[in-house]
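Okay, structure first, notes after.
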Amino acid sequence: MAEEEMEVGCARPTGGPVGEPAAETPGPEGAKAEEVRAMISVGKKAPDFEAPAYHRGKFVRVKLSDYLGKWVVLCFYPGDFTFV
Amino acid sequence: MSVDSVFVHKMWDENELSKMVKGGVPFPMLSDAGGAIGKLYGVYNEEAGVENRGRFIIDPDGIIQAYEVLTPPVGRNVAETIRQIQAYQHVRQSKGTEATPSGWKPGKLTLKPGPDLVGRVWEVWKTHMAFD
């Protein structure tokens, strides 16, 4: 299973594309952001990340690369309790 | 995923979403406080401090096959997302030998790209087929 129940932590990129090792040393924040923005492209690997989540009454941790082998729809939205 | 905490996700699911969807949201609601992942995916709105409506279809190999990004006031079309997933699954199952023309849905004609089809798509595929 891709989720394990655990303490609530922070969302963080793992530093590499899914299913591939992370880059050795993450650079300074600015340089890193530039580099990762260039990673988003259709036909290319999705950047991997780990994030805390709420799922059916539990707080869990979700890691994108744990879903390799399955189709994933990743949706971002502006905020809880907003209207659309 | 949004910049809200998992605690707010819980409250929203319990107090509102479960009244729209029986049993509440069935999939994990991820928290991206600070927008680190939103920035990584190019959907973080710096001025508003929230994430735009980004939707990414990621295949079993971890490859982004499609994405769509909308500004906050306009909602997505879930049926179109499902249609795209079905089309990508069909193409994958055919091991890339088939392609799905505009407006394709399961059951509709697919195309088999190759030398014989060059310049002859008009014979097999008509524009009305792009619509329901």
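Residue numbers start from 1 in every chain, and the chains themselves are labelled A, B, ... in the order their sequence lines are given, proteins ahead of strands. Quantities reported herein were computed from a predicted structural model and do not represent experimental measurements.
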- Query: What residue, out of A/Asp48, A/Val18, A/Thr82, A/Leu68, has the most heavy-atom pairs lying under 4.5 Å from chain B?
  - Reply: A/Leu68

- Query: So which pairs with a foot in residues 101-125 of chain B pass ring-ring contact (aromatic ring centres under 6.0 Å, His included), sequence neighbours left out?
  - Reply: B/His90-B/Trp104

- At a heavy-atom separation under 4.5 Å, does B/Tyr88 approach chain A through its side chain, its backbone, both, or neither? both

- Examine whether an atom of B/Asp61 lies under 4.5 Å from a heavy atom of chain A, and if so say whether it belongs to the side chain, the backbone or both; otherwise answer neither. backbone

- Query: Quick one: side chain to side chain contact (heavy atoms under 4.5 Å, CB included) partners of B/Val8, sequence neighbours excluded?
  - Reply: A/Asp80, A/Phe81, B/Asp4, B/Ser5

- side chain to side chain contact (heavy atoms under 4.5 Å, CB included) between B/Gln65 and A/Val42, worked out: CA-CA 5 Å; B/Gln65 291 293 353; A/Val42 288; over 6 Å; no

Determine whether more than 12 heavy atoms belonging to other residues, nucleotides or ligands lie under 6.0 Å from atom [atom1] of [X].
{"X": "B/Lys108", "atom1": "NZ", "value": "yes"}
{"X": "A/Lys44", "atom1": "NZ", "value": "no"}
{"X": "B/Gln93", "atom1": "CD", "value": "no"}

- Message: Whether the side chain of B/Asn15 engages the backbone of B/Met11 through a donor-acceptor N/O pair (distance < 3.5 Å, no angle test) should be reported.
- Response: yes

- Do any N or O atoms from the side chain of A/Ser65 and from the backbone of A/Gly19 form a donor-acceptor pair under 3.5 angstrom? no

- Message: Tell me whether the rings of B/His9 and A/Tyr77 are parallel (<30°), tilted (30 to 60°) or perpendicular (>60°).
- Response: tilted

- Hey, would you say the B/Tyr44 and A/Phe76 ring centroids sit under 6.0 Å apart? no

- Message: Does anything in residues 67-87 of chain B reach chain A? List residues with heavy atoms under 4.5 Å apart, or say none.
- Response: B/Tyr67, B/Pro72, B/Pro73, B/Val74, B/Gly75, B/Arg76, B/Thr81, B/Ile85

- Any residues in residues 48-59 of chain B near chain A, with a heavy-atom distance under 4.5 Å, and which are they? B/Val50, B/Glu51, B/Asn52, B/Arg53, B/Gly54, B/Arg55, B/Phe56, B/Ile57, B/Ile58, B/Asp59

- Task: Please step through side chain to side chain contact (heavy atoms under 4.5 Å, CB included) for the pair B/Glu98 and B/Val91, ending with a clear verdict.
- Result: CA-CA 6 Å; B/Glu98 292 179 40; B/Val91 168; 5.6 Å; no

